[in-house]
Asker: 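Sharing a structure here in structure tokens format.
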Amino acid sequence: MKTIDELLSEGVAGKRVFVRADLNVPLDGTTITDDGRIRAVLPTVKALAEAGARVVVASHLGRPKGTPDPAFSLAPAAARLGELLGTDVAFATDTVGESAQAVVAALADGQVAVVENLRFNAGETSKDDAERAAFADQLAVLADAYVGDGFGAVHRKHASVYDLPAKLPHYAGYLIANEVAVLRKLTDDVKRPYVVALGGAKVSDKLAVIDQLLAKADRLLIGGGMAYTFLKAKGYEVGISLLQADQIPVVTEYMERAEKNGVEIVLPVDVLVSTEFPDLKTKAPANPTTVAADAIPADQEGLDIGPETRKLYASKLADAATVFWNGPMGVFEHPDYAEGTKAVAQALVDSKGFTVVGGGDSAAAVRTLGFDETAFGHISTGGGASLEYLEGKTLPGLAALED
């Protein structure tokens, strides 16, 4: 695929360049609680603006139902982008309507504008090819060239991700080019030992990637809510812990295949439990109890890996040459259940290998828990996209950028 450097070498002064970014940031009302995704697109936007392009930034935010919804406005993201760039960023109150057309027409060389949430338009996410293409035609009117830099959306067959690149000269931005280069290190040229730590709530979300990793990884560490389906498959009592009972046969087969393939699956040996899910708003003390993983009381729920498991997982990560981590080890949003996730993050920081944090909640946890982002080899901006890439799927947004 062509990259932004090729576009810059061709000259962009005076050209309108459409940047499909991922500004899908978490909001508390209109307050951004994590601006990582906005900061991730800065190199691309800065390079274009400094070269004299008229930059039109577009993104989705949340899941509005194809119509405008103030709760999902990109206005806070546009304001934050301006703060980070150190310049005014114009904001269009629609995506392809009168406001967008006027704002883009008013741009001078080197200026930046953000148009309103792409998903306020039904055509963006439509399953109907014609409807999606029609919306892409409206977007194409706003630009002379297209730069794809929203890695968190490349696994979606959406108008701005998949259909629009075909209508304009198209290039990969710095973020996407870097994400793809990193992911290739996890698939094509892996340095071993290759250790993968997987967490998060549902084992079903990770089954496809586990299936692939059983032929590629040397060791899998399982934590988070998904661990309890594995523990149940071993015959353990898991109390009222998160459990996907229908996935037990698949998990059992995976554990058997791992043993045959010489892949080590490491499960928690102790967990933090409670009879109640913690209050994530007040952060009131939860006072959890630590129990062995095979001795979870019937009326209690596992909410984090325990201290012995933290030590175990750190030791299993210590010799890794390559590490991929996706998914927290517990309910890290509450301080009483953050230690497991913190321990895995610290093990990556301490690692001498190439470490990749696979986006989503893992990336949020790194920032929430106060880690220096530069201490990791790479922090992905797209959890779902990263997983689908590792699953071996063709990602529509990447395919659309190929010549």
Side-chain angles (χ1 to χ4, degrees), residues 21-46 59-62 74 76-85 149-153 174-176 178-179 182-183 196-201 205 221 223-225 278 280-283 303-305 310 313-314 317 323-351 353-387:
D22 180 7
L23 309 181
N24 185 28
V25 291
L27 293 171
D28 182 1
T30 59
T31 301
I32 296 170
T33 57
D34 181 357
D35 66 359
R37 285 178 171 170
I38 301 175
R39 288 185 286 113
V41 79
L42 285 178
T44 290
V45 174
K46 277 185 177 179
S59 176
H60 70 286
L61 191 152
L74 277 174
R80 182 58 179 152
L81 178 62
E83 291 173 359
L84 293 168
L85 288 171
D149 215 30
F151 182 73
Y174 290 126
L175 173 61
I176 278 187
N178 188 41
E179 292 272 13
V182 166
L183 288 171
V196 178
L198 295 175
D205 293 340
L221 315 183
L280 300 183
K281 286 192 174 181
T282 66
K283 314 288 189 187
L303 295 165
D304 193 15
I305 58 173
R310 291 174 221 150
Y313 284 13
L317 289 162
V323 181
F324 176 73
W325 170 36
N326 181 280
M329 296 292 108
V331 186
F332 74 92
E333 299 91 343
H334 192 284
D336 287 353
Y337 300 106
E339 293 303 316
T341 300
K342 193 180 294 184
V344 169
Q346 187 62 53
L348 266 67
V349 169
D350 295 340
S351 173
F354 178 62
T355 58
V356 178
V357 179
D361 286 340
S362 304
V366 163
R367 289 187 276 268
T368 299
L369 298 174
F371 285 91
D372 180 357
E373 294 179 52
T374 63
F376 302 88
H378 178 73
I379 299 179
S380 179
T381 56
S386 295
L387 288 176

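Everything numeric here is computed off the predicted structure, so don't read it as measured data.
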Asker: Quick one: salt bridge (charged side-chain N to carboxylate O under 4.0 Å, His left out) partners of Asp34, sequence neighbours excluded?
Answerer: Arg367

Asker: With Lys46, which residues qualify under salt bridge (charged side-chain N to carboxylate O under 4.0 Å, His left out), at least two apart?
Answerer: none

Asker: With Thr44, which residues qualify under side chain to side chain donor-acceptor pair (under 3.5 Å), at least two apart?
Answerer: Asp149

Asker: Quick one: which residue pairs count as a salt bridge (Lys or Arg N to Asp or Glu O under 4.0 Å) with a foot in residues 378-387, not counting sequence neighbours?
Answerer: none

Asker: Looking at side-chain heavy atoms only, is the closest gap between Pro278 and Val331 below 4.5 Å?
Answerer: yes

Asker: How close do Ile176 and Gly150 get, heavy atom to heavy atom, and via which atoms?
Answerer: CD1-N, 3.9 Å

Asker: Quick check: closest heavy atoms across Phe151 and Ser386, and the distance to 0.1 Å?
Answerer: CE2-OG, 3.6 Å

Asker: How close do Val41 and Ala21 get, counting heavy atoms only, and between which atoms?
Answerer: CG2-CB, 3.8 Å

Asker: Minimum heavy-atom separation for Ala363 to Val357, with atom names?
Answerer: N-CG1, 3.8 Å

Asker: I'd like to check the side chain to side chain donor-acceptor pair (under 3.5 Å) partners of Ser59; sequence neighbours left out, ordered by chain and number.
Answerer: none

Asker: Please round to the nearest 0.5 Å and tell me the distance separating atom CG of Leu183 and atom CD of Glu179.
Answerer: 6.0 Å

Asker: Between Leu387 and Asp205, which heavy-atom pair has the shortest distance, and what is it?
Answerer: CD1-O, 4.4 Å

Asker: Excluding sequence neighbours, so at least two apart, what forms side chain to side chain donor-acceptor pair (under 3.5 Å) with Glu83?
Answerer: Arg80

Asker: Assess the residue pair Ile32 and Ile38 against the criterion (side chain to side chain contact (heavy atoms under 4.5 Å, CB included)); give the C-alpha distance rounded to whole Å, side-chain angles, the decisive distance to 0.1 Å, and a yes or no.
Answerer: CA-CA 10 Å; Ile32 296 170; Ile38 301 175; 3.9 Å; yes

Asker: Compare all side-chain heavy atoms of Leu61 with those of Leu27 and state whether any distance is below 4.5 angstrom.
Answerer: yes

Asker: Considering residues at least two apart in sequence or located in another chain, which fulfil the side chain to side chain donor-acceptor pair (under 3.5 Å) criterion with Asp372?
Answerer: Thr374

Asker: Asp22 and Thr381: which non-hydrogen atoms are nearest, and at how many Å?
Answerer: OD2-O, 4.0 Å

Asker: Could you list the residues that satisfy salt bridge (charged side-chain N to carboxylate O under 4.0 Å, His left out) with Arg310, not counting sequence neighbours?
Answerer: none

Asker: Would you list the pairs meeting ring-ring contact (aromatic ring centres under 6.0 Å, His included) in which at least one residue belongs to residues 362-387, sequence neighbours left out?
Answerer: none

Asker: Any side-chain heavy-atom pair from Met329 and Asp304 closer than 4.5 angstrom?
Answerer: yes

Asker: Test of understanding: with side-chain contact (heavy atoms from CB on, under 4.5 Å), list the residues that count as partners of Thr30, not counting sequence neighbours.
Answerer: Pro76

Asker: Which pairs with one or both residues in residues 324-348 pass ring-ring contact (aromatic ring centres under 6.0 Å, His included), sequence neighbours excluded?
Answerer: His334-Tyr337

Asker: Nearest 0.5 Å please: distance from the CG atom of Asp35 over to the CG atom of Leu81.
Answerer: 10.5 Å

Asker: Check salt bridge (charged side-chain N to carboxylate O under 4.0 Å, His left out) between Glu333 and all other residues, then give those that pass, not counting sequence neighbours.
Answerer: none

Asker: Tell me whether Ser351 contacts the main-chain N or O of Ala347 through its side chain, where contact means a donor paired with an acceptor under 3.5 Å.
Answerer: no

Asker: Within the side chain of Asp361, is there an N or O that forms a donor-acceptor pair under 3.5 Å with the backbone of Pro328?
Answerer: no

Asker: How many angstroms lie between OG in Ser380 and CG in Leu175, if you round to the nearest 0.5 Å?
Answerer: 8.0 Å

